[in-house]
Amino acid sequence: MLTIENVSKKFKGFTALADINTEFAEGIYGILSPNGAGKTTLLKIMATLLFPTTGTVYYNGTDIRQMGEQYRELIGYMPQHFGYYRDYSAERYLKYIAVLKGIGKSEAAERTDALLDRLGLFEVKSKKLKTYSGGMLQRVGIAQALLNNPEILILDEPTAGLDPMERAKFRDILVELAEGKTILYSTHIVSDVEDIADRIIMLKNHTLHCNMTVDELRNTFLQDGKAVTLEQAFIKTYQ
Amino acid sequence: MKIAYPTQKEIDDSISRVIEEACPARENVFIFLYRLYREIGFLDVMHGMEKIMVPLIAAYAFGIVYLANNVTASASDLYLSVILFSPLVFQLLLCLFFLGEQEQGVYEIELSCKYTMYHLLILRMGIAGLFSVAVNGMALVLYGVSQDFFGGTLILRLAFLAVSTFLVYFTVYVHLILKSVRIQYQLSLYFTWCVVAVLIRLYIPGMFAYLAMELPLLIHVCIWGAMLGLLMRLLPDVIYRNGKYNLNIGE
Ligand SMILES: Nc1ncnc2c1ncn2[C@@H]1O[C@H](COP(=O)(O)OP(=O)(O)OP(=O)(O)O)[C@@H](O)[C@H]1O
Ligand SMILES: [Mg+2]
C-alpha cells in the first residue's frame, strides 16, 4: 500500500504538484491528465527520482525515502523518455540493468531471455540499440521495468509509439502481471486504460482531481441518464 | 477487547526487526564499494569511457615528456605543477562521465534501480582517482628519468605531495557534489584550485615553500588518513542522496 501525504513539488518557485493526498493499493491505476499537469512529476516522485518539496510518500507506513534500496528493489520504472547506451545490444542493456537491480547472474539471464521473448525482441536481441525502431526501444524500456518482477510498477506513457498489435499485447501482459501488484500507468490514450484500470487518477491544475473506479467516474457525468465513456468523462472534466 | 498472545514466530520477528532498525549493520563503505564494483564490472561502470581514457593518457604522457625536455623548471615550479596536475585527470574524467550521462539520459532508469547512478558515480570517482594517481605517478617517474633525479628524495616528496593534493581535492570535490552536480561548478572548482595555488606561490612564497616543499612526510601520511576518514563519512551521503539539493540531476 502506497500512501501519498501532502505531497507538493516546486521547481524554482513553479508549482508542478500541489498538496496531493491519496492512496494506491493493489491494482492498475490509470493516471490521466492533459499535458503538463504533473503526471511525470508524480511518477518520478513515486520512483524516488525526485524528492517532494513538502510531504511524504509511505510504503506500508514507512517513508520511501528512508527505505532507499529496500524500496527501489520493489519497483520497476519506465520513464516517459528513456535513455539507453546506443552501443549496447538489448541483451547487454537488460543484463546491465539487472545488475543494478541486484539480480543474480543466472536469474538475470533467464529473466532477460523470457522478457525479450515475451516482447517479441528475441530475434534481434544482439543487435545494437541504435539500430532499433522507436517501438522496439519502447519495448526494451518495458522489459527493463519488469526485470525484477516488481511489486510496484510505474509506467509513464508506456505505449507511446507502439502499434495497435503491440499495444494489445502490452495490455495482456499487464493484466497477467497485475495480480498482487500496484501498477501506476500514466497515459493520454484513454482507451489503453479503460478496460484494464481498476481506478482512475485525474490531475487537474497540478493537483489531484479524483481517484475513483472507472464506473464511478463514468457515472459522474450522465448523458440522457446513461453513463458516458471514459473518454467523454475525460473531456468533460477538462473542458 | 482481548488481544491474542503473539506466537513465538511473531515475537522473534519483531525482536529481529527492532534490532535491525535500531542497529543497522554498517559495512565499511570502501568494502561495500569494492563488492559492488566486482558485481557490476569494469566495462559497465565505465560505459565506453575506457575508449576516451587511452587517448587521454597518451596526450597527457606526451605533454609531460615534452615539458620535461623543453622547459627548465625550478624546484618550486615542479611542486606547483604537481599541485595543479594531480587532480586534473580525475576532474576531466568525471566531467566526461556527467556529460555522457546527461547526453544519453540513462540516469532516469539508473536512479530507479537498487544501485543507482550515485553508486556508479562513486565507483567512477574511485576509478578516475586510481587512474589519475597512476598516470601522475608515471609522469613523475618519466620526468625523473629524463632529468636524472633518481637518488634524491625529490621524487619521493613530489609523489607524497601528489597523493596528498589529490586526496584533498577528492574530498573537496565530494563536498561540492553534495551541493550540486553541475559540470560548470566542477570546472570552477578546478579553476579556483589552480588560481589559489598560483596566488599562494606568487604572493606567499614562504607558506608555499613550507606547505608544498617542506611538510614532513609523516604529516602527509596524517593528511591521507584524515581525508580517507572524511571520505568514509561523506560517500554514504552521496549514495543516499543526502545533499542539500538532494543531488537531483533531473531538476
Ligand atoms: N525539471 C523541471 N524544471 C522546471 N519545470 C518542470 C520540470 N519538470 C517539469 N516541469 C514543469 O512541471 C509541470 C508538470 O510537468 P510534467 O512533466 O509532470 O507533466 P505531464 O503531466 O507528465 O505532461 P505530459 O502529459 O506532457 O507528459 C509542467 O508545467 C512542466 O513544465
Ligand atoms: Mg509526462
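Letters go in sequence order (proteins before strands), and every chain restarts at 1.
Under a cut-off of 6.0 angstrom, the local environment of CZ in B:F191 is sparse, with at most 12 non-hydrogen atoms contributed by other residues, nucleotides or ligands. Atom NE2 of A:H188 has more than 12 neighbouring heavy atoms from other residues, nucleotides or ligands inside a 6.0 Å radius. Within 6.0 Å of the NZ atom in A:K130, the count of heavy atoms belonging to other residues, nucleotides or ligands exceeds 12. The environment of CG in A:N21 is crowded: more than 12 heavy-atom neighbours from other residues, nucleotides or ligands sit within 6.0 Å. By the neighbour-count criterion of 12 heavy atoms within 6.0 Å, atom CZ of B:F30 is densely surrounded, having more than that number from other residues, nucleotides or ligands. For A:E123, the CD atom counts as loosely surrounded, since its 6.0 Å shell holds 12 or fewer non-hydrogen atoms of other residues, nucleotides or ligands.
Ranked by non-hydrogen atom pairs under 4.5 Å with chain B, the options A:Y96, A:F82, A:Y84, A:Y77 are led by A:Y96.
Tested against B:L111 for a side-chain contact (heavy atoms from CB on, under 4.5 Å), the candidates A:L49, A:L50, A:L100 yield a single pass: A:L49.
Across all non-hydrogen atoms, the minimal contact from A:G102 to B:E39 is CA-OE2, 4.5 Å. Minimum interatomic distance between B:K114 and A:R72 (heavy atoms only, all atoms of both residues): O-NH2, 2.9 Å. In terms of heavy-atom proximity, A:G83 sits nearest to B:I109 at O-CD1, 4.4 Å.
Within the 4.5 angstrom heavy-atom criterion, no atom of A:K95 approaches chain B. Only the side chain of B:L120 comes within contact range of chain A, with heavy atoms under 4.5 Å apart.
Looking at A:Y85 and B:D44, their side chains never bring a donor and an acceptor atom within 3.5 Å of each other.
Interatomic distance, CD1 of A:I97 versus OG of B:S112, reported as 7.5 Å (0.5 Å rounding).
Every residue meeting the side chain to side chain contact (heavy atoms under 4.5 Å, CB included) condition with B:Y185, not counting sequence neighbours, appears here in chain and number order: B:L176, B:S180, B:R182. With sequence neighbours excluded, the residues that form a side chain to side chain contact (heavy atoms under 4.5 Å, CB included) with A:T22 are A:I4, A:I20, A:F24, A:L208, A:N211.
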Next on the checklist: Run the side-chain contact (heavy atoms from CB on, under 4.5 Å) test on A:D156 and B:E108 for me, step by step, so that the C-alpha distance in whole Å, both residues' side-chain angles and the decisive distance to 0.1 Å come before the verdict.
Outcome noted: CA-CA 12 Å; A:D156 202 349; B:E108 298 216 322; over 6 Å; no

Item to check | Derivation and outcome, side-chain contact (heavy atoms from CB on, under 4.5 Å), residues B:Y240 and A:E69 | outcome: CA-CA 9 Å; B:Y240 298 111; A:E69 267 170 39; 4.1 Å; yes

